[in-house]
There are 2 protein chains.
Amino acid sequence: MAFTPERGTRDRILEAAEASLGQCGYHGTRLQQIAERVGIQKASLFHYFPSKEHLYHAVVDEWFDETERTIRRVLEAEGSPLQKVRRLIETYVDLVATHPDLTKILLRQSLGDAPDGYQPKPDSQRLLAAIVTLITDGQQARAFAAIDAVALVLGVMGMVTFFFTSATVLGPPWCGDIRGASHVERVKRHVIQLVERCLTPERGDLNLAVA
Amino acid sequence: MAFTPERGTRDRILEAAEASLGQCGYHGTRLQQIAERVGIQKASLFHYFPSKEHLYHAVVDEWFDETERTIRRVLEAEGSPLQKVRRLIETYVDLVATHPDLTKILLRQSLGDAPDGYQPKPDSQRLLAAIVTLITDGQQARAFAAIDAVALVLGVMGMVTFFFTSATVLGPPWCGDIRGASHVERVKRHVIQLVERCLTPERGDLNLAVA
DNA sequence: GTCTATATAGGGATAGAC
DNA sequence: GTCTATCCCTATATAGAC
């Protein structure tokens, strides 16, 4: 799956769509542009996908499913809550850093950039809830400090996402290759350390109760 | 300026455009929709703005300028680096929480959602650089730990931005009124505490060198 | 300054040859 | 399965009356 020397046209379309949708958004993406990237005529796209909207869903759904599977695998693996949190961060950073265009598409979707009659599936909420539960369980077991779990999870998502999407526009003058392997590893350590400091129960000044 | 009982049509157009652009993005926004919100005919818009692109710029530029002025005022005020960092976070959270649509527009812009020939002004990079300098100055004075300043600033921006834009879609099931005053104050404390923990030089385990 | 009517372009989608 | 040609609608923008 990682090594695909012979890709069919359908896969090349999906790949081109991923790039266009990520960089231009759904409404900003032109089928013309996708066709050009693939090297075929615009009309040929309709042999593989009945509409622009179907193509969008093919890209988004497939990626969301893979993301969900990956995250759930981490959640269900053996280990302490803290170990799971660490692995979760590492996994999420890898997902985002290696697939910036797909990440942009999902981020855009959360901003409301999607086909006209679209409404977000509850799947993303379920997944998020599962992660929040990991934190709150750890809190009930007195392993984590009592900070706002939802805020923490959403905040970390936003931090990592922003760093590998928007920041590539705002930041390049300083940070060189923001997606280089060494940089990605540094971000992982950065975020893990930050989250650990938030969840460490000692130093009693954690006055952010859950409710 | 905060209290404007008599708004002209131009201002009402800007306000309607802000909502549409934030919720639908530049390419997803229809002038028809803006006109409806204002309660005028589509063609009347062109009496105030020569094109959709000009209207977009009127909205974005004005808000970016106000944001920059506000942030710079904090940067230039008296106080220790740590006090400035605290005020910076409070100010930014207020800006974002009270203007979610404008925040979405800027976030979208950083993702590449803008008029066709658009290229981002270097202003945002200058502003970001000024904030980063505040951190690195504090680090050279040994007041802050030697963590990656760029990553910290971008991360906090992403965290706060995401929390008040995308999270309103993903999170509402749990967090009730995410923009309520009490919630906003809680986010401020949350982020300030988080950043302080990152910048505190003690506990020598800060192994994230700048370079 | 706001309207109705219309011009013009561009992009999604279809038909049908090869 | 890919192409050319074309349909058709929508959206920006303009013209000109009131």
Side-chain angles (χ1 to χ4, degrees), chain A residues 4-61 105 108-109 111-119, chain B residues 4-61 105 108-109 111-119:
Chain A
T4 51
E6 295 280 355
R7 274 167 310 136
T9 305
R10 199 192 127 97
D11 289 331
R12 305 204 357 253
I13 293 173
L14 284 169
E15 198 177 340
E18 172 188 326
S20 284
L21 290 171
Q23 290 155 24
C24 309
Y26 180 77
H27 295 286
T29 290
R30 308 282 108 114
L31 294 182
Q32 175 77 20
Q33 187 187 16
I34 295 175
E36 278 170 9
R37 283 191 206 243
V38 178
I40 60 176
Q41 288 302 309
K42 189 176 55 164
S44 304
L45 296 173
F46 290 89
H47 179 73
Y48 297 92
F49 302 94
S51 73
K52 183 182 179 182
E53 188 168 346
H54 280 81
L55 174 55
Y56 173 83
H57 275 110
V59 173
V60 166
D61 291 351
I105 295 173
R108 287 196 144 99
Q109 196 179 77
L111 291 172
D113 184 28
D116 278 344
Y118 182 86
Q119 47 189 7
Chain B
T4 50
E6 295 280 355
R7 275 165 309 135
T9 305
R10 199 192 127 99
D11 288 332
R12 305 201 2 251
I13 293 173
L14 284 170
E15 197 176 340
E18 173 188 327
S20 284
L21 289 171
Q23 289 156 24
C24 309
Y26 180 77
H27 295 285
T29 289
R30 308 282 107 114
L31 294 183
Q32 175 76 20
Q33 188 187 16
I34 294 175
E36 278 169 11
R37 282 192 207 244
V38 178
I40 58 176
Q41 288 302 308
K42 193 177 47 168
S44 304
L45 296 173
F46 291 90
H47 178 74
Y48 297 92
F49 301 95
S51 73
K52 182 181 178 181
E53 187 167 347
H54 280 81
L55 174 55
Y56 173 83
H57 275 110
V59 173
V60 166
D61 291 351
I105 295 173
R108 286 197 146 98
Q109 194 179 77
L111 291 172
D113 184 27
D116 278 345
Y118 182 86
Q119 47 189 7

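We name chains A, B, ... by the order of the sequence lines, and we start the count at 1 in each one. Excluded from the calculations below are hydrogen atoms, water molecules and symmetry mates; all remaining heavy atoms, backbone and side chain alike, are included. None of these values were measured; they are calculated from a predicted model.
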Next on the checklist: Contact list please: residues 16-27 of chain A against DNA chain D, heavy atoms, distance less than 4.0 Å, in numerical order.
Outcome noted: none
Checklist entry - For every nucleotide of nucleotides 2-18 of chain D, 5' to 3': is a protein heavy atom under 4.0 Å from its base (B), only from its sugar-phosphate (S), or from neither (-)? => result BBBB-----SBBB----
Report yes or no: does [X] contribute a side-chain atom to a donor-acceptor pair with the main-chain N or O of [Y] at less than 3.5 Å?
X      : Y     : result
A/S20  : A/T29 : no
B/R37  : B/A17 : no
A/H57  : A/K52 : no
A/R108 : B/G25 : no

Checklist entry - Side chains of A/Y118 and A/Q109: do they bring a donor and an acceptor to under 3.5 Å? => result yes
Next on the checklist: Whole angstroms only, please: what is the CD1-P distance between A/I13 and C/dG12?
Outcome noted: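 Atom-to-atom, A/I13 to C/dG12, this comes out as 14 Å.
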Next on the checklist: Please find the pair of heavy atoms, one from B/F49 and one from B/R10, that lie closest to each other, and give the distance.
Outcome noted: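 The pair with the smallest heavy-atom distance is CE2-NH1, 3.6 Å.
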Next on the checklist: Listing request: all salt bridge (Lys or Arg N to Asp or Glu O under 4.0 Å) pairs with a residue in residues 11-25 of chain A, at least two apart in sequence or in separate chains.
Outcome noted: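 Sorted pair list: A/R7-A/E15.
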Checklist entry - Hey, what do you get for CG (B/L55) to OH (B/Y26), rounding to the nearest 0.5 Å? => result 8.5 Å
